[in-house]
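Worksheet: the structure to be examined is printed underneath.
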Amino acid sequence: MISYFTELNKLTASVNDALSKLGITTTSVYVGEPTEPAFGEITTNAAFVLAKTFKKPPYEIAKDFLNKIEYDKENLSAEIHPSGFINFRFTERFYLSFLNEILKNDGFGEIQVKEKKKIIIEHTSVNPNKALHVGHARNVVLGDTFYRLFKRLGHDVKVLNYIDDTGVQVADLIVGFKYLGYSLESDDKFDHYCGDVVYVNANKAIEENEELKKKRSEILKDLEEGGEIYNFAKPIIEKIVREQLKSAWNIGARYDILNWESHFIHGGYWKKMFEILKEKGLVKFIKEGKYKNCWVLLDKKILIRSDGTTVYTAKDLTYAAWKLGLIHDEFYYHVFSKQPDNTDVYTTTLSDGIKGLYTPADEAYILIDQRQLPLQNLIKETLRALSVSKEYKVIAYGLVALSKNTAEKIVKGKVEKEFVHMSGRSGIYYNLDDLMDAIKIAAINLINNRNPLLPDKEDTASKVAIAAIRYSLLRPDLEKQIVFDIDDALKLEGDTGPYIQYTYARASKILEKANQEFSKLEEINLSQEEKNLLLYMSKYDYYLLKAYSSMSVSILANYAHELAFRFNVFYEKKRVLDEKDTKLRTLRLALVYAYKLIISDLMNVLGLPTLKEL
RNA sequence: GGGCCCGUAGCUCAGCCAGGAUAGAGCGUCGGCCUGCGGAGCCGGAGGUCGCGGGUUCGAAUCCCGCCGGGCCCGCCA
């Protein structure tokens with residue numbers, strides 16, 4: 001494959017060669033994208049670095065230095081900017097070679113990292129007592145997109161979803177069903193009903209009633225021990241999980257294995273973990289003072305309470321150890337459900353099903369919001385102390401809050417702050433399913449205005465909604481807090497997911513009408529719009545690998561928009577089907593064809609559905 | 001008190017890791033472009049003390065230090 005990335009690598013090597021011949025071994029020389037398109041496609045500041053050693057103006061040095069760089073003159077032309085930068089520009093030959101490669105391979109082909117790894121990624125992991133809200137959606141969409149990226153780069157990837165079925169939030173819900181008389185049937189989607197009605201009200205009742213608090217503690221203990229209440233709760237939790245999965249599938253996610261917290265306790269995994277920690281002296285029993293009768297990890301965090309029950313960190317540490325093979329997998333597995341992509345999601349069981357489905361990963365990724373970072377770092381630290389060489393990688397992202405305007409709609413009253421954090425317990429959240437529905441309605445209205453004869457309006461509107469939601473959650477930098485505003489979310493113009501879908505539809509329509517096959521293209525003069533589009537297309541592997549090395553999917557979302565923009569400019573400025581010159585018409589058609597291949601590849605990595613028409 | 005993250009146009013955000021050449025998008029706003037390869041688009045205008053102050057450097061939005069503002073964590077919750 002010939003691409004921006006291959007040429008950049010070759011040139012970087014040449015520049016470094018030339019530098020080492022001069023006896024310079026510095027690493028501070030930049031070879032890469034310039035700040036402005038006017039400065040070419042690849043630039044280097046080598047002359048500035050050399051200026052320090054040779055005490056001559058950068059421009060003079062650049063003139064000599066350029067002669068020492070061996071570069072492919074077929075693909076690159078060089079010029080020296082008066083400032084001293086050496087700028088390289090791709091030749092028409094490069095663009096045509098690239099385009100011909102795409103046509104030959106019918107796409108970009110394989111893009112592989114040097115070392116293929118076995119990776120697992122855990123995401124979603126929402127408490128099974130409520131529906132997914134837009135904050136959870138950020139976790140799902142980021143996790144699913146990292147999964148897609150890893151897979152596109154050739155890794156062996158499995159997706160895990162952890163279900164905390166022995167926690168306080170589940171206990172609250174069970175209090176509602178067992179002691180407050182809530183029905184187990186509802187006309188609403190079951191996860192919505194549990195979260196919006198049963199959990200919120202049960203939580204309120206428990207806070208005001210000591211008797212119920214006691215009941216909750218009993219339930220919590222029974223869940224850990226796997227008693228009668230656990231068996232009562234199990235089908236309820238499972239029903240909620242099935243609804244949560246539907247919401248996640250609806251925005252394009254998929255999973256391989258569901259892990260249940262209760263299985264790690266009932267299956268004896270925590271016991272093994274505890275033995276290992278004791279053996280290595282990482283936990284201490286406290287005899288005196290505030291933490292009397294507790295077990296404490298690394299002098300920092302209580303793992304076992306004085307009443308003998310374990311805290312969440314203990315369970316999560318066990319889970320991490322299982323992921324990386326420190327504790328052996330002895331689960332049985334069976335199919336939990338068929339998924340929309342036709343794969344199966346498996347669940348662990350303690351007694352029934354096939355064995356050996358899971359083998360330990362080289363790298364285990366986990367997606368968490370920033371609040372959980374200190375705890376996950378403690379787990380990392382513990383694994384290191386246990387000499388686990390395999391990598392535990394934490395991807396943390398900023399919280400999703402509700403805008404003042406959106407929060408006011410939910411609480412049906414005045415809100416003082418500019419934004420408010422979501423809270424399942426107090427009923428302040430915006431559910432993902434509701435967001436999907438709201439965008440679908442907006443999309444259908446738009447279709448009725450613009451393209452009333454479109455078949456499958458419902459399906460198209462769903463796909464527009466998926467693209468809109470995923471893109472809006474992927475585009476901001478990981479660390480940034482997102483303030484969700486429903487009115488903004490309903491806008492489908494500008495820098496959005498549908499903008500990218502729209503270019504795919506435009507390309508599809510042209511190709512459908514043209515109905516032409518392509519062979520190898522001959523030499524032809526390219527316009528600036530055509531070169532710009534080809535340049536961005538040629539950067540596909542460069543951006544995928546950059547996103548991977550910097551663990552940033554927002555880089556990819558921004559790149560997708562840049563690429564789509566180049567297509568729209570080309571589309572506005574150059575006619576394709578009406579072009580009288582057949583050579584030029586064929587070139588442009590080939591360009592549209594290649595664009596469609598690359599943008600659909602990228603859209604697949606980002607999980608944005610393609611639409612031939614909208 | 002200790003720690004983490006953020007601060008760039010009216011609003012939402014890129015750019016910062018690897019310092020360099022006129023700081024870029026989107027929304028909003030003002031003005032253009034459809035008897036059409038579909039306008040969910042394109043072109044142009046207005047709009048910026050890159051939170052503030054020092055330091056390093058020939059050169060700082062970018063690196064270092066200090067401060068200010070916003071958010072979060074520091075529990076026998078998860």
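Proteins get letters first, then strands, A, B, ... in listed order; numbering begins at 1 in each.
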task: Please report, rounded to the nearest Å, how far the P atom of B:C13 is from the CZ atom of A:Phe484.
output: 14 Å

field: Length of the CZ-C1' vector between A:Phe85 and B:G20, whole Å
entry: 4 Å

query: Who pairs with A:Asp307 by side chain to side chain contact (heavy atoms under 4.5 Å, CB included), at least two apart in sequence or on another chain?
result: A:Arg305, A:Thr309

task: Under 4.0 Å between any heavy atoms, over every strand shown, what does A:Leu589 touch: base, sugar-phosphate, or nothing? Just pick one.
output: nothing

statement: Separation of B:A18 atom P from A:Ile42 atom CD1, nearest Å, is 21 Å

- prompt: So, is A:Arg425 close to the B:C77 phosphate, meaning a side-chain N or O under 4.0 Å from OP1 or OP2?
  reply: no

- prompt: Contact class for A:Asn87 vs. all strands (heavy atom < 4.0 Å): base, sugar-phosphate, or nothing?
  reply: base

query: Can you tell me how far P in B:C30 sits from the matching atom in B:C17, rounded to whole Å?
result: 39 Å

task: Indicate whether any N or O donor in one side chain lies under 3.5 Å from an N or O acceptor in the other, for A:Thr496 and A:Glu493.
output: no

task: Between B:C16 and B:C5, how far apart are the C1' atoms? Round to whole Å, please.
output: 15 Å

- request: Apply side-chain hydrogen bond (donor to acceptor under 3.5 Å, both in side chains) to A:Lys300 and list each qualifying residue two or more places apart in sequence or on a separate chain.
  value: A:Glu381

query: Between A:Lys315 and A:Glu224, does at least one N-O distance fall below 4.0 Å, as a salt bridge requires?
result: yes

task: Name the nucleic acid region contacted by A:Asp485, choosing base, sugar-phosphate or nothing; use a 4.0 angstrom heavy-atom cut-off, strictly under.
output: nothing

- request: With the side chain of A:Val311 defined as its heavy atoms from C-beta on, choose the nearest nucleotide among B:G71, B:A78, B:A21.
  value: B:A78

message: Distance check, C1' atoms only: B:C73 and B:G59, in whole angstrom units.
response: 39 Å

CD/A:Glu218: more than 12 non-hydrogen atoms of other groups inside 6.0 Å: yes

- prompt: Within the pair A:Lys300 and B:C74, is there a side-chain N or O less than 4.0 Å away from OP1 or OP2?
  reply: no

Set of residues satisfying salt bridge (charged side-chain N to carboxylate O under 4.0 Å, His left out) with respect to A:Lys491, sequence neighbours excluded: A:Asp488

task: Would you indicate whether A:Lys612, at its atom NZ, is surrounded by more than 12 heavy atoms from other residues, nucleotides or ligands within a distance under 6.0 Å?
output: no

Sorted by number, the residues of residues 290-297 of chain A with heavy-atom contact under 4.0 Å to RNA chain B: A:Lys290, A:Tyr291, A:Lys292, A:Cys294

- prompt: If you look at every strand shown and take non-hydrogen atoms under 4.0 Å, does A:Val168 touch a base, only sugar-phosphate, or nothing?
  reply: sugar-phosphate

- prompt: Can you check whether A:Arg305 has a side-chain N or O nearer than 4.0 Å to OP1 or OP2 of B:A78?
  reply: yes

task: Using atom CG of A:Leu563 as one end and atom C1' of B:A25 as the other, report the distance to the nearest whole Å.
output: 15 Å

Distances under 3.5 Å only, N/O to N/O: pair up the protein atoms with those of nucleotides 61-64 of chain B.
none

task: Any chance you could encode RNA chain B as dot-bracket? Rule is Watson-Crick or G-U wobble with both distances under 3.5 Å; [ ] for pairs crossing earlier ones, | for another strand.
output: (((((((..((((......[...)))).(((((.......))))).....(((((..]....))))))))))))....

Spacing of A:Leu473 atom CG relative to B:C13 atom P, expressed in whole Å: 12 Å

task: Nearest whole angstrom, please: distance from the C1' of B:G7 to the CZ of A:Phe419.
output: 12 Å

message: Side chain of A:His81, heavy atoms from C-beta onward: which of B:A21, B:C73, B:A40 has the nearest atom to it?
response: B:A21

message: At 4.0 Å (heavy atoms only), tell me whether A:Lys574 reaches a base, stays on the sugar-phosphate, or touches nothing.
response: base

query: Which whole number of Å gives the distance between the P atom of B:U62 and that of B:C52?
result: 10 Å

- request: Indicate, with a heavy-atom threshold strictly under 4.0 Å, whether A:Asn451 touches base, sugar-phosphate, or nothing.
  value: base

message: Heavy atoms only, 4.0 Å cut-off, all strands: where does A:Ile555 land among base, sugar-phosphate and nothing?
response: nothing

- request: Looking at every strand, decide which applies to A:Thr43 at a 4.0 Å heavy-atom threshold: base, sugar-phosphate, or nothing.
  value: base

- prompt: Does A:Arg371 come within less than 4.0 Å of A:Asp369, counting only side-chain N to carboxylate O?
  reply: yes

task: Just compare B:G15, B:G20, B:G71 and give me whichever is closest to any side-chain atom of A:Phe48.
output: B:G20

task: For A:Glu613, report the nucleic acid contact type (base, sugar-phosphate, nothing); a contact means any heavy atom under 4.0 Å.
output: base

query: When you look at A:Trp295 and A:Phe285, which way does the ring pair (Phe, Tyr, Trp, His ring centres under 6.0 Å) test go after all the steps?
result: CA-CA 5 Å; A:Trp295 285 88; A:Phe285 185 72; 5.3 Å; yes

query: In chain order, what residues pass the side chain to side chain contact (heavy atoms under 4.5 Å, CB included) check against A:Gln528, with sequence neighbours excluded?
result: A:Lys531, A:Asn532

- request: Send over the distance from A:Leu402 CG to B:G71 P, rounded to a whole Å.
  value: 16 Å

message: Under 4.0 Å, heavy atoms only, any strand: does A:Ile304 hit a base, just the sugar-phosphate, or nothing?
response: nothing

message: Counting only heavy atoms and a strict 4.0 angstrom limit, can you tell me which residues of residues 487-503 of chain A come near RNA chain B?
response: A:Lys491, A:Leu492, A:Glu493, A:Gly494, A:Asp495, A:Tyr499, A:Tyr502

- request: Would you mind listing every side-chain hydrogen bond (donor to acceptor under 3.5 Å, both in side chains) that reaches into residues 441-450 of chain A, with sequence neighbours excluded?
  value: A:Asn448-A:Lys457

field: For atom CG of A:Asn377 and atom P of B:C73, their distance in whole Å
entry: 16 Å

task: Go through the structure and list residues passing side chain to side chain contact (heavy atoms under 4.5 Å, CB included) with A:Pro609, not counting sequence neighbours.
output: A:Lys463, A:Ile466, A:Ala467, A:Gln501

message: Does B:C58 count as syn, meaning its glycosidic angle lies within 90° of 0, or as anti?
response: anti

query: Do the charged groups of A:Arg216 and A:Asp172 touch, with an N to O distance under 4.0 Å?
result: yes

message: Taking the cut-offs as 6.0 angstrom to the six-membered ring centre and 45 degrees off its axis, would you call A:Lys539 and A:Tyr536 a cation-pi pair?
response: yes

query: With sugar-phosphate meaning primed atoms plus P, OP1 and OP2, does A:Arg450 contact a base, only sugar-phosphate, or nothing at under 4.0 Å between heavy atoms?
result: base

message: Please classify the nucleic acid contact of A:Pro82 as base, sugar-phosphate, or nothing, using heavy-atom distances under 4.0 Å.
response: nothing

- prompt: Using atom C1' of each nucleotide, how far apart are B:G55 and B:G15 to the nearest Å?
  reply: 24 Å

Check residues 373-380 of chain A and write down every donor-acceptor pair under 3.5 Å in which the side-chain atom is one partner and the other belongs to a residue at least two apart or another chain.
from     : atom 1 : to       : atom 2 : distance (Å)
A:Gln376 : OE1    : A:Tyr392 : OH     : 2.7
A:Gln376 : NE2    : A:Asp316 : OD2    : 2.8
A:Asn377 : ND2    : A:Leu373 : O      : 3.4

message: By the side-chain hydrogen bond (donor to acceptor under 3.5 Å, both in side chains) test, which pairs, at least two apart or in different chains, include something from residues 503-515 of chain A?
response: A:Thr503-A:Tyr595, A:Arg506-A:Asn568

